[in-house]
Amino acid sequence: MSRGVLLKGGRVVDPSQGVDASLDLLLRDGAVAALGENLAPDDADIVDIAGLVACPGFIDIHVHLREPGYEEKETIATGTRAAAAGGFASVCCMPNTNPVNDQAGITRFILERAAAADCARVYPIGAVTKGSRGEELAEYGDLRDAGCVAVSDDGRPVSDARLMRRALDYARAFDLTIIDHCEDPRLSEKALMNEGAVSTLLGLSGVPWVSEAMMVERDVLLAELTGGKAHIAHVSTASAVDAVRRGKARGVRVTAEATPHHLLLTDQAVKDLEYDTSTKMNPPLRCDADRRAVIEGLRDGTIDCIATDHAPHTIDDKMIEFDQAAFGIVGLETAVSLCLDRLVRTDMITLGRLVDLFAGAPARVLCLPGGTLKPGAPADVTVLDLDRSVTVEPSRFLSKGRCTPFAGWNLKGAPVMTIVGGKIVFSVDR
Amino acid sequence: MTRFSGRHLLGIEPLEPADISALLDTAETLREVLTRPIKKVPTLRGKTIVNLFYEASTRTRSSFEMAEKALSADTLSISMATASVQKGETLLDTARNIEAMQPDMIVMRHSSSGAPHFLSRNCRSAVVNAGDGAHEHPTQALLDAFTLRQKRGRLQGLRVAIIGDLLHSRVMRSNLWLLKKMKADVILCGPPTLVPPGIESLAPCTFRIDEAIEGADAVMMLRIQLERMSGGFFPSLREYHQRFGLTEARMKRAKNNVLIMHPGPINRGVEIASEVADGPYSVILDQVTNGVAVRMAVLFLLLGGSEVAS
Ligand SMILES: [Zn+2]
């Protein structure tokens, strides 16, 4: 038995056990060893977390780590350090790398890189179709055995309904979830932002909400038909929330995530920031009615979890004209503070609900280990300081990506320590 | 002398009515220069203006060049064919290179909405938007307003119909802002597929051209870009002309001395019949003439030139 780590004097918030109390947390051999009052083992390093909140390690199930192929945007090493700095003990990485993660060899490469980086955990997501070309199914059995926890062609939708049906059906054999990026490719063609009054004023071509809603309706119906598991990535519209809500009510195996930017910003940001490309992402920022509907979905459980859609790009990809700039913003290092400040401090959701959205729920959605501090669970812990004031400063990000519409925001509440497998991979000097 | 509050002219939307009046009044003063035997004043002597055109535009570019020359500015015109830009220098690099030459102003035409905003954030020179994507074309709206004021003596209370491809038109957006700010009554008209969402919150919109023209003091026709047909926005040029084109018969619904305007270039027989474009009510060529005076006013007010020599 190795030396343990004792997190002493903190408030433990773990919705998976209904715990919100001043407790000590003992980690040993990579697992949670004990959770209790006044623990005093004689062979543990004591970490004083008085005044802080210890939660199950946060999990972000929608991250683009860019490696292999786009190492100038991000690497597994920089991306996992950014994750840890943002309070995430684990990330699931999307397969739209180059080559696409559509076979076991690439999955193994990603896991090797993640092991070498030795920071946040990495759970690869495989491709739904070979090369994410939307033509033939990838080999899910191989991908699952190599370590993929789900499949997705994220970056684009699975546009062929018959193929989506087969994917949902076939994936049942391996208990894999299909994560779909929902939009109708024709309705979205050339779109740069949400279609509405703001796109009209800015003279930018827009994509209507229907584009997402139609695809979500289709996926819910196909999940119902096949009994497969569909997870809707980055839900951004009221109608999509509604489609998921109705699906769940019928018992369809559908889950959904929302991003902090869709929860906190609207398409008005494109105008307020005068075409700054930090407001360009896909799905786009929507109107306020959509934003409020997504928050409502978060509150009533229609939206299962929060995920960042961390999509780093180089400066060259973003410091150009709006219509030519790449879609996507970084999110790992801002998500937790944004949600603490704008969702919890404003009483839109409780701290317990937030912890579930970031830890327990993503683990349940993709059947990942963790998301709980029950004895025996992985020793992954996120420690929060609810009183810490931070300013979003992209130049200090550990991610290679710097593009965020939240630059300069002053937020209260921040992750201050991240523990993965009992090892402190990030901590702020206090 | 009149004042102008901004450092750049990126669009009409951010302007105050007083700014618009200042620009139009200054244009009135400067227009006189163009009627002199020697059409030149030393007002902007020693100032350097770069015309950076990412889209072909003979009309707007020559109008700016004439305005710059009439004010004795030193000018340089750079044409960036969009095709070669694709693989070449970024807008940021181009801006930095131009900046290194320390111009006082950059006049830019660009196919990307918001490109002038990007430029203004990344350079010290004053930036004038000479048309950006489907966003704004502020000097066009100013010259249209100038022409209306010249012919009618006011803008307030005029009923102005703007008809055609509202969706892709920067001219419509700038004119809509300007006319609303100056308290004219605007009515918009186009096929539903070419009406941008949410526009009805800014001005009433109809799909019937006769309704739009009814009682109009002025009718502004917008250019239909022929490639819109392949985008499936309407079935044929023939039907477009029949249903949304301005013909002599339709004009009868307008006021007697209605002004017919068009930002050019005209598609004869599509959005406007030749008899109307060349007819007695057309002020299309006055618009072109006034364009120079209005652009002189923009340059003058942004560059803070000395008083106009009389
Ligand atoms: Zn996506």
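Values in this document were obtained by computation on a predicted structure and should not be read as measured data. Order of the sequence lines sets the chain letters (A, B, ...), proteins ahead of strands, with each chain counted from 1.
A donor-acceptor distance shorter than 3.5 angstrom exists from the side chain of A:D317 to the backbone of A:T314, with no hydrogens or angles considered. Of the possible polar contacts, none joining the A:K280 side chain to the A:A326 backbone as a donor-acceptor pair under 3.5 Å is found. Listed for the A:H261 side chain is no donor-acceptor partner under 3.5 Å among the backbone atoms of A:I329. At least one donor-acceptor pair under 3.5 Å links the side chain of A:T78 to the backbone N or O of A:T75. Looking at A:R402, its side chain does come within 3.5 Å of a backbone N or O of A:F397 through a donor-acceptor pair. In this structure, B:R173 contributes its side chain and B:H137 its backbone to no donor-acceptor pair below 3.5 Å. A:H234 contributes no side-chain N or O that, together with a main-chain N or O of A:P283, makes up a donor-acceptor pair within less than 3.5 Å. Counting only distance, with no hydrogens or angles, the side chain of B:E271 and the backbone of B:N267 share a donor-acceptor pair below 3.5 Å. One N or O on the side chain of A:T334 and one on the backbone of A:G331 form a donor-acceptor pair closer than 3.5 Å. Judged by distance alone, the side chain of A:E71 and the main-chain N or O of A:R66 form no donor-acceptor pair under 3.5 Å.
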(message) Is there a side chain to side chain donor-acceptor pair (under 3.5 Å) between A:E321 and B:H110? Walk through the geometry before answering.
(response) CA-CA 10 Å; A:E321 294 88 326; B:H110 202 293; 2.8 Å; yes
(request) Take A:T391 and A:N410 through the test side chain to side chain donor-acceptor pair (under 3.5 Å) and record every step on the way to the result. (result) CA-CA 4 Å; A:T391 301; A:N410 295 310; 2.7 Å; yes
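In this structure, a donor-acceptor pair under 3.5 Å is present between the side chains of A:D309 and A:H64. Defined by atom type and a distance below 3.5 Å, a donor-acceptor pair is present between the side-chain atoms of B:R295 and B:S63. In this structure, a donor-acceptor pair under 3.5 Å is present between the side chains of A:H310 and A:E74.
A salt bridge links A:E217 with A:R246: at least one charged nitrogen is closer than 4.0 Å to a carboxylate oxygen. A salt bridge is defined here as a Lys NZ or Arg NE, NH1 or NH2 lying under 4.0 Å from an Asp or Glu carboxylate O, and A:R156 with A:D153 fails to meet this definition.
Between chain A and the residues B:G133, B:G11, B:G114, the largest count of heavy-atom pairs under 4.5 Å involves B:G114. Among B:P197, B:G198, B:A134, the residue with the largest count of heavy-atom pairs under 4.5 Å with chain A is B:P197. The choice from B:P196, B:S112, B:S201, B:A115 that makes the most heavy-atom pairs within less than 4.5 Å of chain A is B:S112.
Centroid-to-centroid, the aromatic rings of B:F233 and B:H168 come within less than 6.0 Å.
Neither the backbone nor the side chain of B:E200 comes within contact range of chain A, judged by heavy atoms closer than 4.5 Å. Proximity to chain A (any heavy atom under 4.5 Å) is shown, for B:L119, by neither the backbone nor the side chain. For B:R170, no part lies under 4.5 angstrom from a heavy atom of chain A.
At a heavy-atom separation below 4.5 angstrom, chain A is approached by B:R121, B:N122 within residues 120-130 of chain B. Annotation: residues 96-109 of chain B contacts chain A through no residue [non-hydrogen atoms, separation under 4.5 Å]. When the heavy atoms of residues 188-200 of chain A are compared with those of chain B, the residues falling under 4.5 Å are A:E195, A:G196, A:A197, A:T200, listed by number. Contacts between residues 268-279 of chain A and chain B, defined by a heavy-atom separation under 4.5 Å, are made by A:K271, A:L273, A:E274, A:Y275, A:D276.
Ring geometry, B:F244 versus B:Y240: the interplanar angle falls from 30° to 60°, so the pair is classed tilted.
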